[in-house]
Each structure stands twice: as C-alpha cells, then as structure tokens.
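This report refers to the structure that appears directly beneath it.
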Amino acid sequence: MSFLSATLSRVKPSPTIAMTAKAAELKAAGRDVIGLSAGEPDFDTPQNIKDAAVAAIAAGKTKYTAPDGIPELKQAVCTKMKRDHGLDYTPAQVSVGTGGKQTLYNALMATLNEGDEVVIPAPYWVSYPDMVLLAGGTPVIAATSLQTNFKLTADQLEAAITPKTKWLIFNSPSNPTGAGYSRAELKELTDVLMRHPHVWVMTDDMYEHLAYDGFEFCTPAQVEPGLYERTLTCNGVSKAYAMTGWRIGYAAGPVELIAAMRKVQSQSTSNPCSVSQWAAVEALNGTQAFLASNNDIFKRRRDLVVDMLSQIDGITCPTPEGAFYVYPSIAGLIGKTTPAGTVIDSDETFATALLEEADVAVVFGAAFGLSPNFRISYATSDEALSEACTRIQRFCASLT
Ligand SMILES: Cc1ncc(COP(=O)(O)O)c(C=O)c1O
C-alpha cells in the first residue's frame with residue numbers, strides 16, 4: 001500500500017512546469033532555447049507598488065494579519081468591485097489569499113463533497129481539474145471548439161449540468177486561449193444558469209485588465225444580477241500588475257462562503273504575506289495608468305504572433321480578445337514527419353519535437369484538455385517572439 005494518499009494519486013503534476021523544466025535542461029546544456037511556456041508578464045512590478053511594500057516594511061507591518069486579509073485590502077477590493085463592475089460588496093464578503101490559486105482552492109475545499117460535480121470548459125487552466133480532484137469533487141469537462149473561438153455555448157453548458165453539479169468554473173479572458181466573452185455571449189450562459197438554481201459560478205477574472213481592440217470585460221454577477229447570491233468572483237494582482245511573486249489573490253461572494261473559506265485558510269496557511277497585502281492595496285487604489293501602456297505592448301505582440309503563425313500551412317490561429325496567450329490548432333500537421341524522423345501523431349509529440357529540433361518551448365494542448373493545439377505565452381520581448389515564430393515557420397515547412 002502506498003504511503004501517499006489515494007486522492008493525490010489522481011492528481012497530475014503541472015505539465016506547464018514540466019515543459020519549462022525540460023526547456024531549462026536544454027538551456028543548461030548550452031542550447032539557445034526560446035521559452036514561450038511560462039504564464040507571467042515580463043514587465044517589472046510598477047514602482048509605486050514596490051514603494052508601498054518598502055514603506056510597509058519600514059512601518060513594521062510585518063506581523064500576522066487577520067487570516068483572510070487586512071481590512072484596508074478588503075476595502076480596496078470592495079471599492080474596485082464597485083468602480084469596475086458596479087457591484088456592491090462589504091469587507092465581510094471578501095477573502096484575500098496567497099495568490100489567485102489559493103482563493104480558488106479554498107472555495108473548492110470549503111464546498112465540495114464526494115460526488116459533487118464541477119463543470120470546467122476546455123481548454124482550461126491546468127489547475128482547475130486537479131484542484132477539484134484534491135477537494136474530493138468530480139471535474140466534468142465541457143469541450144469547446146475552434147469554431148466558436150473556444151467559447152462555451154449555452155447548449156454545451158446545458159448538456160454538462162446534472163443534478164450533482166455544484167459549480168461552473170468560468171474564466172474570461174482565458175488561459176490558455178485568450179478568449180474573452182462579450183456581454184451577449186456571457187448572458188447566454190448566465191441565462192442557462194438562471195434555469196439551474198443549484199449551480200454556483202466561480203468566475204476567475206485574473207486576466208480582466210489584459211484585453212485588446214476595445215474588448216469590454218464583463219463578470220457574471222454584473223451581467224446577471226440574479227446570480228449575485230451564488231457567484232464567487234475571483235481575481236488577483238498577479239498578472240495585471242506584474243506581481244506573480246508577491247502571491248496575492250482575492251475573492252468576493254456570499255458571507256457564509258467567505259467565512260468557510262477563511263476557516264480553510266486559517267487552518268492551512270494563515271494570512272497571506274503582510275507586506276504583499278500592503279503592496280496590493282496600492283495596486284488596487286493607486287494609478288492604473290500603466291495598464292493601458294502595457295496593453296499596447298501586449299496587443300502588438302499578439303498581432304505579431306497571430307500574423308506569423310497564420311502564414312503557416314497546417315496551423316490555424318484565432319485572434320484572441322485578451323490575456324497573453326494564443327492557442328493555435330495543428331490539425332493540419334498531424335501525420336507529418338519531422339527531419340529527425342518523428343511522426344507527429346499528437347500535440348505532445350509536436351511540442352516535444354519543436355523543442356528538441358527547433359529550440360522553441362511551448363505547452364501542448366492535451367495539458368489544457370483540448371487537442372491538437374499548443375499554447376504560446378507572448379509575455380516576452382518582440383525580438384524573442386519574432387525569432388521563435390520564424391523557427392516555428394521553418395520547422396513546420398521542414399515537415400514532410
Ligand atoms: C486563469 C488563472 N487563474 C489563476 C491563476 C493563479 O494566479 P496566482 O499566481 O495569483 O495564484 C493563473 C496563473 O497562471 C491563471 O492563469
């Protein structure tokens with residue numbers, strides 16, 4: 001009998017981390033690998049946010065705080081929810097955790113019983129199904145398609161819901177596709193949820209601010225006020241404010257759920273880092289001006305990547321509304337052979353051959369639950385992106 005828990009045996013290690021490790025190994029061996037697998041902005045944390053953290057240290061704000069956040073940060077979240085979405089929350093309805101990941105995890109741990117189902121549209125962020133499994137629930141994957149630019153339709157959502165469904169996990173703009181739902185597209189989904197009062201929505205708005213071409217971000221409770229009482233709106237400062245290492249995420253929802261999440265956190269990690277919380281207060285309350293200039297850069301990179309990949313025979317690359325990912329299909333390359341003699345029979349084989357034979361690291365689509373595709377993170381310099389896409393073009397042209 002294994003010493004390790006049965007639950008853990010159902011969970012996979014993160015494939016994005018595995019791909020990044022493989023790329024690092026080749027780099028260490030002297031290869032000029034371009035890594036497009038990591039999901040974090042290449043920008044530095046803005047200076048006003050760093051200054052707020054330094055000031056917090058100087059002022060001795062370095063002790064335990066309330067387990068799920070300092071009152072100032074909870075208030076900043078309430079102000080943000082009102083300012084950006086017109087939604088009213090009180091600090092008792094807000095939970096702050098160690099990254100967006102912990103708030104999602106706390107919510108699943110606090111609510112799932114054996115047999116409870118969680119609907120997850122695919123392609124999905126790699127952690128959702130495994131977090132559901134760790135919390136004892138059953139992920140129910142609802143596959144989308146390239147035809148709808150990877151957005152879940154009302155019919156697909158309806159078909160995935162059963163009497164055992166507890167949550168829908170919703171993510172727009174999405175990791176890994178960058179797809180962002182318009183207000184009308186989201187309303188079609190919230191209309192389905194209004195017909196199923198036992199289903200709650202956990203919306204992961206992490207990429208809210210990263211949106212291009214005038215895309216108007218909307219969150220479910222804003223589009224359908226009737227869902228307010230069964231929506232947990234999750235967000236964080238990691239991506240928009242280039243604060244991945246600071247580890248601050250937050251969620252707003254019904255008081256009873258927030259209290260249950262606090263209980264999970266108080267018996268596991270206690271409060272998120274006090275200094276990071278003060279930095280997050282500044283992120284939410286301070287200037288938001290750099291968001292627009294960062295977005296200009298991300299949009300330029302997105303266009304560069306979509307344009308270069310679209311020139312490749314056998315690859316189809318939709319233009320996403322947001323985040324910093326593209327998710328091209330390689331359906332037209334399946335069955336071809338690489339110069340080293342590997343037959344491309346899956347997106348995993350494609351990504352491995354691309355790394356080994358062309359020195360570009362991407363993440364294969366099977367990791368995100370929809371194949372045959374791969375994910376590129378374009379949160380890196382224009383030069384690196386241009387060189388990487390040239391290598392991908394050359395590699396694809398060399399297939400026979
Ligand atoms: C969709 C999505 N949600 C949540 C997270 C987690 O963010 P954090 O680093 O704040 O835990 C990520 C990070 O990659 C993500 O892509």
Side-chain angles (χ1 to χ4, degrees), residues 13-20 35-43 45 49 68-69 73 77 95-109 118 120-132 134 139 144 150-152 167-181 201-211 217 219-220 232-252 261 265 268-269 272-273 276-277 279-280 283-284 298 320-327 363 367-370 375-380:
S14 162
T16 40
I17 292 174
M19 211 59 197
T20 308
L36 304 179
S37 56
E40 68 179 350
D42 55 326
F43 305 127
T45 306
I49 297 174
D68 63 352
L73 183 50
V77 170
S95 184
V96 179
T98 300
K101 196 176 242 177
Q102 193 189 17
T103 51
L104 294 160
Y105 186 70
N106 287 347
L108 294 168
M109 285 299 284
V118 177
I120 302 173
Y124 44 72
W125 178 43
V126 290
S127 294
Y128 298 143
D130 290 302
M131 288 198 290
V132 168
L134 274 174
T144 67
F150 309 112
K151 290 179 211 172
L152 189 71
W167 289 102
L168 161 68
I169 299 186
F170 179 73
N171 175 220
S172 163
S174 146
N175 177 3
T177 66
Y181 291 66
V201 198
M202 190 176 298
T203 177
D204 182 351
D205 298 354
M206 185 56 83
Y207 294 94
E208 166 200 2
H209 290 298
L210 306 175
F217 171 84
T219 193
L232 184 70
T233 303
C234 301
N235 207 324
V237 294
S238 296
K239 312 284 171 164
Y241 302 94
M243 292 177 69
T244 45
W246 299 75
R247 312 306 305 133
I248 296 293
Y250 57 84
M261 289 165 62
Q265 188 160 305
S268 54
T269 59
C273 167
S276 295
Q277 290 189 65
L284 295 182
F298 278 139
E321 290 83 0
F324 39 67
Y325 307 107
V326 292
Y327 199 66
V363 186
F368 307 102
L370 196 92
R375 186 192 78 173
I376 280 182
S377 164
Y378 56 82
T380 191

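Each ligand, and each atom within it, is numbered from 1 in the order the structure gives. Nothing here was measured: the structure is a model prediction, and the numbers come from that model.
Counted by atom type alone, Gln102 and Thr269 present one or more donor-acceptor pairs between their side chains at under 3.5 Å. For the residue pair Gln265 / Asn106, a side-chain donor-acceptor distance below 3.5 Å is found, with atom types taken as modelled.
Using a 4.0 Å cut-off between heavy atoms, Tyr105 makes no contact with ligand 1 at all. When non-hydrogen atoms are compared, ligand 1 lies under 4.0 Å from the side chain of Lys239 (C-beta onward) but not from its backbone. The backbone and the side chain of Lys101 each have at least one atom closer than 4.0 Å to an atom of ligand 1 (non-hydrogen atoms only). Contacts between Arg247 and ligand 1, counted as non-hydrogen atom pairs separated by less than 4.0 Å, involve the side chain only. If you look at Asn171 next to ligand 1, the close heavy atoms, those under 4.0 Å, all belong to the side chain.
Ring centroids of Tyr207 and Phe217 are separated by 6.0 Å or more, keeping the two rings apart.
In this structure, Asp204 has a heavy atom closer than 4.0 Å to ligand 1. The closest approach between Tyr124 and ligand 1 stays at or above 4.0 Å for every heavy atom of the residue.
The minimum heavy-atom distance between Pro41 and Ala242, with the atom names listed, is CG-CA, 4.0 Å. Across every non-hydrogen atom of Thr177 and Pro320, the tightest pair is O-CB, 3.3 Å. In plain terms, the two heavy atoms of Met243 and Val237 that are nearest each other are CB-O, 3.6 Å.
Of all atoms in ligand 1, listed by their number and element, those nearer than 4.0 Å to a heavy atom of Gly99 are 10 (O), 11 (O). In the vicinity of Ser238, heavy-atom distances shorter than 4.0 Å reach the ligand 1 atoms 8 (P), 9 (O), 10 (O). Residue Tyr128 has at least one heavy-atom neighbour below 4.0 Å for each of these atoms of ligand 1: 1 (C).
With hydrogens left out, the protein atom closest to atom 7 (O) of ligand 1 is Met206 CE, 3.4 Å, a heavy atom. Atom 6 (C) of ligand 1 has Trp125 CH2, 3.6 Å as its closest protein atom, hydrogens excluded (heavy atom only).
When only interatomic distances are considered, the shortest N/O to N/O separation between Tyr207 and ligand 1 falls below 3.5 Å. For ligand 1, the polar-atom distance check finds no N/O of Tyr325 at less than 3.5 Å from any of the ligand's N/O atoms. On a distance-only criterion, Gly100 and ligand 1 share at least one N/O pair closer than 3.5 Å. The shortest N or O to N or O distance between Asn175 and ligand 1 is below 3.5 Å.
Just one of Asn171, Asn235, Thr219 meets the side chain to side chain donor-acceptor pair (under 3.5 Å) condition when paired with Asp205; it is Thr219. Evaluated for a ring-ring contact (aromatic ring centres under 6.0 Å, His included) with Phe43, the options Phe324, Phe298, Tyr241 yield exactly one hit, Phe298.
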**Request:** Output, in order, the C-alpha distance, side-chain angles, deciding distance and verdict of side-chain contact (heavy atoms from CB on, under 4.5 Å) for Tyr124 and Ile169.
**Result:** CA-CA 9 Å; Tyr124 44 72; Ile169 299 186; over 6 Å; no

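Dense packing is recorded around NZ of Lys151, with more than 12 heavy atoms of other residues, nucleotides or ligands lying under 6.0 Å away.
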